[in-house]
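When a ligand or atom number is given, it counts from 1 through the structure's own listing order.
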Amino acid sequence: MKTAHRALALAAALLAPAVQAQSTLLQHPGRLLASGCFQCHGTNGVNGSFDALAGDSRQDMLDKLNDMRRKRLRDNIMYPHASGYTSEQLWQIADYFSKLPKP
Ligand code: HEC
């Protein structure tokens, strides 16, 4: 019984930082903005069919998003999504996805 308690306490201690990191992410200002991307890129930034964004480099995502809106590729599905946010909002979204665990 004592061993079981110790094992449980150890498990809780090991899990605490992960749980804390997740709840911090739930309050990330980019999360609500990024919800517009969940449909295609997945709620955790991972989806079987479209590009996974979770854990990608923030700068890399920002470069791609800026490229998409600058080039005005109207036939690309990402054009309206990349163009619908201010630069500050895109930074928040890219920061949020970059902090999610990579698949
Ligand atoms: C309707 C579906 C859809 C939505 C919504 C959507 N995307 Fe995309 N996204 C795509 C598709 C499809 C591609 C691949 C486009 C291509 O390669 O031309 C893509 C590509 C990307 C890429 C490039 C990934 C890579 O590795 O090259 C990034 C970054 C990205 N999307 C971010 C976002 C963000 C941020 C949002 C929300 C603001 C968003 N997307 C919303 C469908 C979507």
Residues which pass ring-ring contact (aromatic ring centres under 6.0 Å, His included) with Tyr96, listed by chain and number, not counting sequence neighbours
His28
With side chains defined as the heavy atoms from C-beta onward, is the minimum distance between Arg69 and Leu90 less than 4.5 Å?
yes
Residue pair Arg31 / Leu25, side-chain heavy-atom distance below 4.5 Å:
no
Check salt bridge (Lys or Arg N to Asp or Glu O under 4.0 Å) between Asp95 and all other residues, then give those that pass, not counting sequence neighbours.
Arg58, Lys99
Got a list of side-chain donor-acceptor pairs under 3.5 Å for residues 33-46, not counting sequence neighbours?
from	atom 1	to	atom 2	distance (Å)
Ser35	OG	Leu32	O	2.5
His41	ND1	Asp51	O	2.8

For a 4.5 angstrom cut-off between non-hydrogen side-chain atoms, does Asn76 reach Met68?
no
N/O contact list for ligand 1, threshold under 3.5 Å:
from	atom 1	to	atom 2	distance (Å)
ligand 1	7 (N)	His41	NE2	2.8
ligand 1	9 (N)	His41	NE2	2.8
ligand 1	18 (O)	Asn76	ND2	2.9
ligand 1	26 (O)	Lys64	NZ	3.2
ligand 1	27 (O)	Lys64	NZ	3.3
ligand 1	31 (N)	His41	NE2	2.9
ligand 1	40 (N)	His41	NE2	2.8

